[in-house]
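Numbers restart at 1 for each chain; the letters A, B, ... are given by sequence-line order, proteins then strands.
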Amino acid sequence: MKKFFLFLFLLFLSLILQFILKGWTDKVTLDFFFILTIFWSYIREWREGVLAGFCCGLIKDIFFFPLIGVNAFSLLLIGLLASEVKIRIYQQNIVFFTLMVGILFLINSLVLSIWLFLFYQFPFVYTTVTSLYPSFFFTLILCAIIYLIGERLTGRIYPTTLGT
Amino acid sequence: MIRARINSKLIFTAAFLVICLVLMLFSYYNPAQFSKLRREGYTLGGFFYSLSTKSKQALVDLVESITETRKIKKENELLKTRLNQLIFKQKNYYQEIEAANKRLQKLLNFKRNTPYHLIPAKVLAYSPENFFKVIYINRGREQGVVQGMGVVNAEGLVGKVIEVYAGGAKVMLIIDKRSKVGVRIQRTRDIGIVQGTGNPEICELHYILTRAEVKVKDAVVTSGLGGVFPAGILVGYVSSIQKKPNYIFQQIKVEPAVDFGKLEELFLITEKK
């Protein structure tokens with residue numbers, strides 16, 4: 001229950017941060033929901049990762065997307081993949097983690113582009129590039145910073161859920 | 001066991017993926033169904049968005065005010081420095097110029113009105129010894145200065161040249177104890193001799209008969225007798241008179257017209273125009 005409220009709090013915080021960032025600048029784009037999904041999935045077990053991705057995506061869809069369920073779909077997958085990566089090829093390494101985030105961000109963009117192409121006939125390449133640039137870099141940097149802070153504070157980025 | 005775990009994972013994920021697909025299709029074909037939800041969402045979002053833009057504006061204003069304050073501070077420092085410079089100039093430079101202007105104007109008037117040819121000179125130094133009241137001037141033999149020449153300024157008689165060098169001269173002031181000048185009381189025309197006392201504020205006037213009607217503040221001018229100084233140059237004013245019975249002469253003190261503490265520009269008297 002404690003973790004549930006923590007997640008709700010982080011979800012709400014992500015929403016606020018997304019709004020604040022949107023109001024502040026259009027040059028720096030960050031996907032706080034993606035970041036929350038990544039970290040929650042990486043720290044918690046796969047079920048929680050999937051649920052976290054679903055919830056984050058749903059909120060993102062409600063507030064920022066014309067189609068409900070698109071981000072829920074992609075972030076759900078991201079949550080699952082992040083959990084799988086942690087279980088199968090876990091390395092407590094900032095470079096590995098950043099690389100994983102980069103690949104997952106790319107997958108997220110591709111999934112979104114596919115759905116947008118299917119529903120609205122958005123050009124696939126254009127949508128992919130638009131969703132990648134420049135938020136890809138900012139998200140990667142922020143993820144790396146959070147990872148380092150977490151590592152510094154706790155000694156390791158996630159606790160005892162390895163292999164579950 | 002592993003297969004069962006994978007299966008449960010697949011089923012779980014697939015269930016949520018299906019939910020997502022349903023939501024997508026539903027929202028695509030019935031967008032109005034979600035409009036209320038979006039409206040509520042935008043109310044909340046609008047609040048945060050407005051909070052964000054307001055906080056951004058506040059931050060921008062703060063940064064601008066800090067920048068502006070720094071700019072004003074820098075400008076203030078610059079203005080303070082400039083003001084200090086101007087105050088310094090006003091107190092030291094402009095007043096000096098004004099005073100010099102007044103002094104030179106006075107000297108010019110004096111030179112125009114005096115019936116003698118005058119050689120302008122400047123005081124170079126005062127005598128380092130306190131008991132001799134002499135000064136050094138920047139005019140000497142090369143400028144036509146000779147020993148015994150009278151030295152005056154706009155206020156009156158200063159002294160006479162006692163030594164001449166190539167480019168300078170030594171002047172004995174009338175307040176020097178050795179100095180004796182033939183004078184006349186301007187009003188009564190009585191003749192006497194003014195002798196220095198070493199005190200720049202007092203000279204003694206000798207050889208004025210007791211019966212002479214001398215009054216305090218009577219002007220004392222050079223008599224022209226003896227040929228050292230031309231007649232009529234102001235020496236000073238009678239400041240005190242003492243008459244003693246059975247004495248032939250009065251004891252008179254004269255306050256020099258010249259302020260010897262502020263000597264700067266002088267003239268050497270050469271000859272009549």
Notebook entry, point to check: Could you walk me through whether B:Leu25 and A:Phe119 pass the side-chain contact (heavy atoms from CB on, under 4.5 Å) check?
Noted result: CA-CA 9 Å; B:Leu25 291 167; A:Phe119 279 100; 4.1 Å; yes
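- Nearest heavy atoms, A:Gly69 versus B:Leu23: CA-CB, 4.3 Å.
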Checklist line | Stepwise side-chain contact (heavy atoms from CB on, under 4.5 Å) test for B:Thr13 and A:Phe54 | finding: CA-CA 10 Å; B:Thr13 311; A:Phe54 178 76; over 6 Å; no
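- Using a 4.5 Å cut-off between heavy atoms, A:Phe73 touches chain B through backbone and side chain atoms alike.
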Note to self: With side-chain contact (heavy atoms from CB on, under 4.5 Å) as the criterion, how do A:Leu80 and B:Phe12 come out once you've worked through the C-alpha distance, each side chain's angles and the decisive distance to 0.1 Å?
What the structure shows: CA-CA 10 Å; A:Leu80 180 72; B:Phe12 187 83; over 6 Å; no
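- In the displayed structure, A:Gln121 atom CD is contacted under 6.0 Å by more than 12 heavy atoms of other residues, nucleotides or ligands.
- Considering SG of B:Cys20 and CG of A:Leu77, their distance stands at 8.5 Å, rounded to 0.5 Å.
- Both the backbone and the side chain of B:Tyr28 come within less than 4.5 Å of a heavy atom in chain A.
- Among A:Leu118, A:Ile68, A:Val70, the single residue meeting the side chain to side chain contact (heavy atoms under 4.5 Å, CB included) criterion with B:Met24 is A:Val70.
- There is no contact between A:Ile59 and chain B, counting heavy-atom distances below 4.5 Å.
- More than 12 heavy-atom neighbours from other residues, nucleotides or ligands sit within 6.0 angstrom of CD on B:Glu265.
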